[in-house]
Number of protein chains: 2
Amino acid sequence: MSHTYKYPRPALTVDCVVFGLLEDQLSVLLIQRAADPYRDKFALPGGFVGIDETLEAAARRELAEETNVCDLYLEQLYTFDALQRDPRERIISVAYYGLVRQVNHQPAAGSDARAVAWHRVDQLPALAFDHRAIFDTAYQRLQAKVQYQPIGFELLPRKFTLTQIQSLYETILGRELDKRNFRKKLLAMDLLEPLEEFSRGAHRAARLYRFNRSRYRLLVKQGLHFEL
Amino acid sequence: MSHTYKYPRPALTVDCVVFGLLEDQLSVLLIQRAADPYRDKFALPGGFVGIDETLEAAARRELAEETNVCDLYLEQLYTFDALQRDPRERIISVAYYGLVRQVNHQPAAGSDARAVAWHRVDQLPALAFDHRAIFDTAYQRLQAKVQYQPIGFELLPRKFTLTQIQSLYETILGRELDKRNFRKKLLAMDLLEPLEEFSRGAHRAARLYRFNRSRYRLLVKQGLHFEL
DNA sequence: AGTGTTAGTGTATATTATACACTACAACAG
DNA sequence: CTGTTGTAGTGTATAATATACACTAACACT
């Protein structure tokens with residue numbers, strides 16, 4: 001199981017910036033490395049790309065192996081290529097960012113990872129390699145994207161209240177939004193299906209909504225685009 | 001000069017979608033392949049990434065070698081990773097898109113290329129590999145990006161008239177724009193320096209302008225962003 | 001001197017974004 | 001069972017922005 005090439009090739013990895021809501025705080029999934037280099041340091045989950053798998057498949061495999069997280073929205077972010085980003089050898093890494101709906105399925109440490117945990121984006125520890133730069137790129141992209149594509153819903157449960165989604169947007173964008181204007185705009189897009197279900201708990205119950213994915217696809221086809 | 005790795009690695013290439021204006025038509029730089037696979041077919045310029053060069057450096061090197069084009073705006077586009085995109089072996093390609101100011105420096109065929117030429121984007125021939133998909137992605141990105149970042153200027157000479165830039169935008173976006181509104185918005189951004197020079201030719205001379213890059217950077221820092 | 005072609009300019013209207021405050025309802029405590 | 005507390009839910013007036021639209025100015029050429 002050894003392979004010879006005429007010219008030396010950069011190694012190829014994927015790294016994943018997975019966002020989720022932990023106690024209503026935007027958080028990122030980090031592992032603590034079990035091996036050198038950067039042993040014990042925090043890092044993004046990721047690993048080498050097999051010869052017979054797509055990048056996205058590699059990202060999903062590594063996430064499952066290292067963190068036990070699966071079934072998530074994943075999208076390619078950027079390819080990081082600095083010459084010295086890894087002290088071992090030349091490694092080029094294709095970064096993906098992901099959104100998970102429930103932070104329920106507790107992440108479980110797997111191979112290569114001493115521990116896995118969610119970390120609030122405003123309280124990140126120092127990261128290994130150039131992972132801080134990768135994270136920054138992902139966070140910027142999330143902030144930009146959330147304003148013109150309805151990906152925020154990927155972070156919420158399938159049924160949610162308008163208040164929930166508003167506070168999600170406030171968390172991501174880092175600023176407050178006007179309740180009435182937010183609801184007006186959001187409902188005007190006609191992407192949310194009101195349900196006959198209501199939230200339970202102390203205080204007045206709020207109506208639950210569901211994101212209508214097929215309606216979204218239809219609107220995109222017709223040239224209309226979501227903008228918040 | 002032979003290298004052994006424990007596990008097989010995908011090969012890594014860069015491909016470039018270089019846009020330019022040829023006779024006022026948005027065009028793309030294509031080579032005609034000199035070697036198999038896809039010998040004689042049209043393709044995007046590109047090639048393998050060396051172990052000691054960044055992706056952008058590889059893109060610039062390949063462009064210079066194959067097409068003699070240099071000094072251009074270049075930006076990473078997307079990484080293409082389908083399993084069978086190359087019939088020879090597993091190759092992952094990082095695509096870049098570029099904008100060149102003058103289509104003067106006639107492209108000259110170099111290694112790997114039988115011929116190099118500009119092709120209007122609305123009259124592209126069939127392309128080798130998955131290069132059609134790469135081109136489509138690049139064109140979409142250009143159309144999207146031109147509306148919120150002033151990259152269009154990279155396609156024009158350093159001194160240009162308002163009519164020139166308007167018709168450039170019309171070409172890229174594929175629709176007509178209102179002259180007065182376009183000028184109003186563009187000038188309101190305060191990114192163009194009016195010069196005391198005028199175009200020459202048949203008919204009334206038009207004032208020349210210059211893009212003020214440092215002013216642009218300043219505005220971006222202050223949170224203001226270009227939007228057309 | 002006249003003709004043809006492009007350069008250059010302002011205003012009125014429609015659309016969209018913003019700012020803002022009260023009532024309705026449910027749970028819980030007493 | 002009633003009062004208190006905390007969240008849900010709703011409309012309008014104003015400001016800002018986008019759009020639609022037509023004529024005069026300047027130069028080159030005949």
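Since the model is a prediction, treat every value here as computed from it, not as a measurement. Chain identifiers are assigned alphabetically (A, B, ...) following the order of the sequence lines, protein sequences preceding nucleic acid strands; residue numbering begins at 1 within each chain.
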Can you tell me the distance, in whole Å, between the CG atom of B:Leu228 and the P atom of D:dT17?
15 Å
Distance-minimising heavy-atom pair for B:Lys159 and B:Gln164:
O-OE1, 4.3 Å
Quick one: list whatever passes side chain to side chain contact (heavy atoms under 4.5 Å, CB included) with B:Asp136, sequence neighbours left out.
B:Arg132
Whole Å only: how far is the NZ atom of B:Lys179 from the C1' atom of C:dT5?
11 Å
Round to the nearest Å and state the distance from A:Leu177 atom CG to C:dA19 atom P.
11 Å
Between B:Asp178 (CG) and C:dT11 (P), how many Å, whole number?
16 Å
Could you pull out all residues at least two apart from B:Arg215 that satisfy side chain to side chain contact (heavy atoms under 4.5 Å, CB included)?
B:Asp190, B:Leu191, B:Asn212, B:Leu218, B:Leu219
Do other residues, nucleotides or ligands put more than 12 heavy atoms under 6.0 Å from the NZ atom of B:Lys41?
no
Say whether B:Ser93 and B:Thr13, considering side chains only, have a donor N or O and an acceptor N or O under 3.5 Å apart.
yes
Atom NZ of B:Lys185 to atom C1' of C:dG10: distance rounded to whole Å?
17 Å
Nearest to the side chain of A:Arg180 - D:dA8, D:dC21, C:dC20?
C:dC20
Based on the rotation axes of five pairs at each end, what angle does the helix from C:dA1-D:dT30 to C:dG30-D:dC1 bend through, to 10°?
10°
Between atom CZ in B:Phe182 and atom C1' in C:dG8, what is the gap in whole Å?
15 Å
In whole angstroms, the gap separating P of D:dA16 from CG of A:Asn181 amounts to 15 Å
Near DNA chain D, which residues from residues 157-168 of chain B have a heavy atom under 4.0 Å away?
none
Expressed in angstrom and rounded to an integer, what is the separation of A:Leu187 atom CG from D:dG9 atom C1'?
11 Å
Are B:Lys185 and B:Glu227 ion-paired here, with the side-chain N under 4.0 Å from a carboxylate O?
no
Is the phosphate of C:dG8 approached by B:Arg183 (side-chain N or O, under 4.0 Å from OP1 or OP2)?
yes
Find every protein N or O atom lying less than 3.5 Å from an N or O atom of nucleotides 27-30 of chain D, and list the pairs.
residue: D:dA28; atom: O4'; partner: B:His203; partner atom: N; Å: 3.3

Taking the six-membered ring where the residue is Trp, are the ring centres of B:His119 and B:Phe42 under 6.0 Å apart?
yes
Contacts of B:Lys179 that satisfy side chain to side chain contact (heavy atoms under 4.5 Å, CB included) - sequence neighbours left out:
B:Gln166, B:Arg183
If you take all heavy atoms of A:His131 and A:Leu44, which pair is closest and at what distance?
ND1-N, 3.0 Å
B:Phe153/B:Phe160 aromatic ring centres below 6.0 Å
yes
Taking the six-membered ring for Trp, are B:Tyr216 and B:Phe226 ring centroids under 6.0 Å apart?
no
Judged by each residue's nearest nucleotide on DNA chain D, which is more toward the 5′ side, A:Lys184 or A:Phe198?
A:Phe198
